[in-house]
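Throughout, protein chains are lettered first and strands after them, A, B, ... in sequence-line order, and every chain is numbered starting at 1.
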Amino acid sequence: MDRVRAEYVEQVLSCVEAVPPGRVTTYGTIAAHVGGGPRQVGWVMSHHGGPVPWWRVVRADGSPPPCHEGTADGHYAEEGTPRNGHGRVRMREAFWDPAVPEE
DNA sequence: TGGCTGACAAACT
DNA sequence: AAGTTTGCCAGCC
């Protein structure tokens with residue numbers, strides 16, 4: 001079953017890498033796309049989200065991960081991600097869904 | 001084997 | 001609007 005886990009991780013990372021600059025997606029969206037639960041996606045990110053743009057993956061309310069939020073802020077400024085004046089991303093503008101990439 | 005924890009989410013108060 | 005509770009899947013003690 002190790003392979004299944006590795007494949008699941010690959011899909012999650014793939015979705016994260018598929019997120020275009022200036023856009024963000026949520027754990028729940030990825031979970032609904034690749035399967036499993038939002039916590040599972042978060043678990044994968046915490047253990048295998050090193051080489052991927054994890055800052056493009058935010059919570060459902062638009063808040064960045066509890067870790068490296070300062071670093072994420074720098075990336076958002078660099079990518080031009082629309083954010084609210086409170087350190088949270090404007091989901092209404094920046095939200096991106098892997099099932100509807102043409103948006 | 002059972003229970004707790006964790007980069008979450010949705011519903012309820 | 002903000003805080004609290006339950007459900008979710010997988011891993012670890």
Query raised in the report: From the list B/dA10, C/dC9, B/dC8, which nucleotide is the closest neighbour of the side chain of A/A60?
Result: B/dA10

Query - Interatomic distance where NE2 belongs to A/H47 and P belongs to C/dC12 [whole Å] - result: 7 Å

Query raised in the report: Considering only B/dA7, C/dC9, B/dA9, which nucleotide approaches the side chain of A/Q40 most closely?
Result: C/dC9

Query raised in the report: Given C/dA10, B/dA7, C/dC9, which nucleotide is nearest the side-chain atoms of A/R39?
Result: C/dC9

Query raised in the report: What nucleic acid atoms does A/G37 come within less than 4.0 Å of, heavy atoms only: base, sugar-phosphate, or nothing?
Result: sugar-phosphate

Requested in this report: Would you kindly give the CH2-to-C1' distance between A/W43 and C/dG7, to the nearest whole Å?
Outcome: 20 Å

Report summary line: Scanning all shown strands, the Watson-Crick or wobble mate of C/dC8 with both distances under 3.5 Å is none

Query raised in the report: Going by an N to O cut-off under 4.0 Å, is there a salt bridge joining A/E79 and A/R56?
Result: yes

Query raised in the report: If we take the P atom in both C/dA2 and B/dA7, what is their distance in whole Å?
Result: 23 Å

Query - Integer-rounded Å distance: C/dA10 P and A/Q11 CD - result: 13 Å

Report task. Please state how far atom CE in A/M91 lies from atom P in B/dC8, giving the value in whole angstrom units. Result -> 14 Å

Query raised in the report: Does any non-hydrogen side-chain atom of A/W55 lie less than 4.5 Å from one of A/P64?
Result: no

Query raised in the report: Nearest-Å distance, CE (A/M45) to P (C/dG11)?
Result: 17 Å

**Report entry** Other residues, nucleotides, ligands: >12 heavy atoms within 6.0 Å of A/E17 CD
**Finding:** yes

Query raised in the report: Taking a pair as Watson-Crick or G-U wobble with both distances under 3.5 Å, which nucleotide is matched to B/dG2?
Result: C/dC13

Requested in this report: Could you walk me through whether A/M91 and A/D61 pass the side-chain contact (heavy atoms from CB on, under 4.5 Å) test, one step at a time?
Outcome: CA-CA 8 Å; A/M91 299 302 289; A/D61 60 328; over 6 Å; no

**Report entry** Whole-Å gap separating P (B/dC8) and CG (A/D61)
**Finding:** 10 Å

Report task. For A/R59, answer base if it contacts any base atom (sugar-phosphate contacts may also be present), sugar-phosphate if it contacts only those atoms, and nothing otherwise; contact means non-hydrogen atoms under 4.0 Å. Result -> sugar-phosphate

Requested in this report: State whether the distance check finds a donor on one side and an acceptor on the other, under 3.5 Å, for side chain A/Y27 versus base B/dA9.
Outcome: no

Query raised in the report: How far, in whole Å, is B/dC4 from C/dT5 if one measures between their P atoms?
Result: 16 Å

Query raised in the report: Should A/P65 and A/V57 count as side-chain neighbours, where that means a heavy-atom distance under 4.5 Å?
Result: no

Report summary line: Per atom distances to the A/S46 side chain, the nearest of C/dG11, B/dA9, B/dA7 is B/dA7

